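Below is one structure, written out as structure tokens; comments come after it.
We're numbering straight along the sequence, starting at 1. Computed from a predicted structure; not experimentally measured.
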Amino acid sequence: MPHRSTPSQHSVSSAGSSTIDMSSSPPPPYSYITIFARTSILSVLRSSIVVGYMRIDDRDHTFHFGNEKSPGPAVRIRVLNGKFWTRLFASGDLGFSEAYMIGEVDIENLKAIFDLWLDNQSTASALSSLYSRLAAAFSGLRNAFFGQTRSRARLNVIASYDQSNELFQAFLSKEMMYSCALWGDEEGGVRGDLLAVPQPGALSAPASKTTTTATTAAAAATDDDGLEAAQMRKIHHVLRTARVKPGDRLLEFGTGWGALAIEAAASYGCEVDTLTLSVEQKTLAEARVRARGLAGRVRVHLMDYRDVPAEWAHRFDAFVSVEMLEHVGSKYYKRYFELVDFALKPTTATVVVSSSTFPEGRYTGYQADDFMRRYMWPNSCLPSATVLIDAAYAASNGRFTLEAVENHAPHYPRTLRTWDRRLKANLSQERMAQRYPALREHATYASFVRKWEYLFAYAGAGFAKGYITCHMLTFVRASDVTVACD
């Protein structure tokens with residue numbers, strides 16, 4: 001049964017955090033609004049936590065929910081500022097993420113809190129207030145009806161990807177694939193990092209000169225973590241599935257930093273046109289293309305996919321897009337596949353697209369703002385596999401037929417855990433502040449780091465629990481035979 005207790009007169013402490021001295025003068029009491037918000041949230045939690053256990057340490061009481069000895073996640077939360085309650089009451093899970101990033105709440109184990117929420121999802125949904133539900137409905141309608149216009153798409157890329165390349169180099173593999181890796185037996189599979197201690201090796205990105213002892217320890221944990229091999233496996237899997245061969249012309253929506261385009265040209269003999277809206281990505285991708293001596297075979301275009309030129313009609317043998325569809329929006333799925341159909345040859349052409357997705361029962365075109373859509377990928381919209389299949393068939397008037405469906409979701413949690421370890425090992429406040437002076441301020445930098453920590457834990461729990469999935473879909477022309485069988 002849920003209950004509350006009063007903290008001792010002297011101190012309240014949590015693992016990994018400093019002790020709070022309660023013997024000094026007490027803090028001012030909460031406002032009536034804060035008390036109302038807290039009371040409302042606690043009343044919902046009393047009936048919501050049926051799996052696992054939660055402890056909340058506030059300034060005047062400690063609250064317990066669920067059964068500490070029952071199976072399921074055990075979570076401890078320490079409230080550091082009363083604004084946590086009003087933020088959570090007004091904005092639900094979005095408010096919770098904001099409170100964590102700002103430092104209004106301390107959480108012992110981020111993964112555990114997301115596991116607890118997902119395990120109790122059917123009852124915890126009532127945690128959102130009427131206000132937060134109305135705000136969510138409004139943002140969902142706005143995202144669905146306005147969608148990713150050209151101007152919004154560019155602004156969203158600025159927020160998502162036009163950040164310092166050095167930031168992404170701190171946690172991505174050396175070829176800089178910002179998408180799900182594919183883990184093989186050589187790396188111990190999708191749980192290999194949890195079952196074995198990584199062997200000594202070289203980091204993909206050097207730690208800064210200001211690296212602390214703790215950071216050095218974190219760096220040691222990322223040595224030879226297998227990410228490079230897993231990402232190259234993903235690249236080759238996509239290209240083999242696309243059936244590309246020497247002399248083929250390949251079209252890609254979503255360049256990233258050019259890893260797939262470069263490999264297609266260097267290892268498969270393709271000629272590649274790849275599109276991005278990120279100036280930062282284009283600059284580095286083109287430099288990497290030149291460094292590989294592929295300037296005449298890989299062309300990086302700063303272009304919205306809706307602006308593909310007329311002369312590209314039926315010029316390409318294959319099309320690939322790795323985790324870019326999340327930024328298209330439900331309003332434009334059909335248009336997206338119309339342009340793919342337009343660009344590909346009428347026969348012997350292959351389409352390979354991958355995207356984070358919602359299971360069919362959870363998909364809606366009206367997706368409200370949450371942490372991901374507010375702070376990581378503005379206005380993004382996760383499709384479902386079925387929605388994409390239907391859009392491809394309708395857009396091509398039956399000229400595309402579904403060849404294969406793969407679910408890569410089990411590979412994503414390890415990818416995210418690896419990124420988290422690398423970021424902690426390699427990110428330097430000093431170097432980041434050279435690009436973004438505001439990050440010189442400790443609190444601002446701490447919030448910036450917590451945003452990425454939250455992302456990796458939030459998304460990792462979602463994939464691990466099946467709340468979100470990650471599909472790779474392959475389409476071929478309706479008349480194509482991909483395997484000789486007579």
Quick one: do W85 and S40 satisfy side-chain hydrogen bond (donor to acceptor under 3.5 Å, both in side chains)? Show the steps, please.
CA-CA 9 Å; W85 297 109; S40 300; over 6 Å; no
Would you indicate whether R362, at its atom CZ, is surrounded by more than 12 heavy atoms from other residues, nucleotides or ligands within a distance under 6.0 Å?
yes
Kindly give the heavy-atom pair with the smallest separation between P383 and S356, and that separation in Å.
CD-O, 3.4 Å
Only one of W452, F171, Y445 passes side-chain contact (heavy atoms from CB on, under 4.5 Å) with L427, and that residue is Y445
For the NZ atom on K83, are there more than 12 heavy atoms of other groups (residues, nucleotides or ligands in this structure) within a distance under 6.0 Å?
no
So, H237 and E406: side-chain donor and acceptor under 3.5 Å apart, yes or no?
yes
Separation of N81 CG from R87 CZ (nearest 0.5 Å):
8.0 Å
Identify which one of Y454, F456, W377, F114 satisfies the ring-ring contact (aromatic ring centres under 6.0 Å, His included) criterion when paired with F371.
Y454
Over 60° means perpendicular and under 30° means parallel, so classify the ring planes of F475 and F337, tilted if in between.
perpendicular
Stepwise salt bridge (charged side-chain N to carboxylate O under 4.0 Å, His left out) check, D225 with R421:
CA-CA 10 Å; D225 55 23; R421 295 185 191 108; over 6 Å; no
Pairwise side-chain contact, L277 with D304, heavy-atom cut-off 4.5 Å (strictly under):
yes
Determine whether M432 and L167 satisfy the following criterion, side-chain contact (heavy atoms from CB on, under 4.5 Å), listing intermediate values before the conclusion.
CA-CA 7 Å; M432 289 302 299; L167 165 65; 4.0 Å; yes
R249 vs K345, side-chain contact (heavy atoms from CB on, under 4.5 Å): CA-CA, chis, key distance, verdict
CA-CA 10 Å; R249 191 169 177 187; K345 293 177 178 177; over 6 Å; no
What one should report as the nearest heavy-atom pair of T469 and P359 is OG1-N, 4.1 Å
Please list every donor-acceptor pair under 3.5 Å in which a side-chain atom of residues 292-303 meets a protein atom from a residue at least two apart or in another chain.
from: R297; atom 1: NH2; to: A265; atom 2: O; distance (Å): 2.4
from: R299; atom 1: NE; to: D273; atom 2: OD1; distance (Å): 2.9
from: R299; atom 1: NH1; to: E271; atom 2: OE2; distance (Å): 3.2
from: R299; atom 1: NH2; to: E271; atom 2: OE2; distance (Å): 2.5
from: R299; atom 1: NH2; to: D273; atom 2: OD2; distance (Å): 3.0
from: H301; atom 1: NE2; to: D273; atom 2: OD1; distance (Å): 2.7

For the pair E187 and R233, find out whether any cationic side-chain nitrogen is under 4.0 Å from an anionic carboxylate oxygen.
yes
So, E323 versus S355: side-chain donor-acceptor pair below 3.5 Å or not?
no
Will you find, in the side chains of H327 and Y305, an N or O donor that is under 3.5 Å from an N or O acceptor?
no
Check: V351 and V476 side chains under 4.5 Å, non-hydrogen atoms
no
Looking only at the aromatic ring of each residue, does the gap between the centers of Y178 and F168 stay below 6.0 angstrom?
yes
For the residue pair E403 and T482, confirm or rule out a side-chain donor-acceptor distance under 3.5 Å.
yes
List in chain and number order the residues that pass side chain to side chain donor-acceptor pair (under 3.5 Å) with S267, two or more places apart in sequence or in another chain; answer none if no residue qualifies.
E263
Separation between CD of E166 and CG of N426, rounded to the nearest 0.5 Å
10.0 Å
Within the 4.5 Å heavy-atom criterion, are F89 and V44 side-chain neighbours or not?
no
Quick check on the 6.0 Å ring-centre criterion: do Y412 and F463 meet it?
yes
Quick one: are K424 and W419 in side-chain contact, heavy atoms under 4.5 Å?
no
Taking all non-hydrogen atoms of both residues into account, name the closest pair between S173 and R422 and its distance.
CA-NH1, 3.6 Å
Compute whether any side-chain donor of one residue and acceptor of the other, for E453 and Y100, lie under 3.5 angstrom apart.
yes
Test salt bridge (charged side-chain N to carboxylate O under 4.0 Å, His left out) applied to R414 and D193, step by step
CA-CA 7 Å; R414 182 175 178 180; D193 62 321; 3.7 Å; yes
Considering residues, nucleotides and ligands other than Y363, do more than 12 of their heavy atoms fall under 6.0 Å from its OH?
yes
Atom CG in L251, atom CG in L275: separation rounded to 0.5 Å?
6.5 Å
V289 vs I262, test: side-chain contact (heavy atoms from CB on, under 4.5 Å). Steps then yes/no.
CA-CA 6 Å; V289 167; I262 289 170; 3.9 Å; yes
Checking side-chain polar atoms at under 3.5 Å, does T276 have a donor or acceptor matched by the opposite partner on T255?
no
Atom CD of Q281 and atom CD of E286: how far apart are they, to the nearest 0.5 Å?
12.0 Å
Quick one: are the ring centres of Y336 and Y332 less than 6.0 Å apart?
no
Could you grab the distance from atom CG of L110 to atom CZ of R450, nearest 0.5 Å is fine?
10.5 Å
T357-S384 side chain donor-acceptor pair, cut-off 3.5 Å
no
Does the separation of the ring centres of F342 and W312 fall below 6.0 angstrom?
no
So Y375 and E98, do their side chains get closer than 4.5 Å, heavy atoms only?
yes
Worked check of salt bridge (charged side-chain N to carboxylate O under 4.0 Å, His left out) between R315 and E311:
CA-CA 8 Å; R315 301 294 296 274; E311 56 268 25; over 6 Å; no
Say you draw a straight line from CD1 of I468 to CG of L382; how long is it, rounded to the nearest 0.5 Å?
6.5 Å
Basic-acidic side-chain contact under 4.0 Å: K465, D119
yes
How about NZ on K111, more than 12 heavy atoms from neighbouring residues, nucleotides or ligands closer than 6.0 Å, or not?
no
What I want to check is whether the side chains of R373 and S380 have a donor and an acceptor closer together than 3.5 Å.
no
Taking it one step at a time, do F319 and F400 satisfy ring-ring contact (aromatic ring centres under 6.0 Å, His included)?
CA-CA 12 Å; F319 170 86; F400 287 144; 8.9 Å; no
Report the C-alpha separation of D370 and R374 in whole Å, then their side-chain angles, then the decisive distance to 0.1 Å, and conclude whether the side-chain contact (heavy atoms from CB on, under 4.5 Å) test is met.
CA-CA 6 Å; D370 61 3; R374 176 68 64 86; over 6 Å; no
With a 6.0 Å cut-off on ring centres, are F96 and W117 close enough?
no
Validation row: R477, L344 side chains within 4.5 angstrom (heavy atoms):
yes
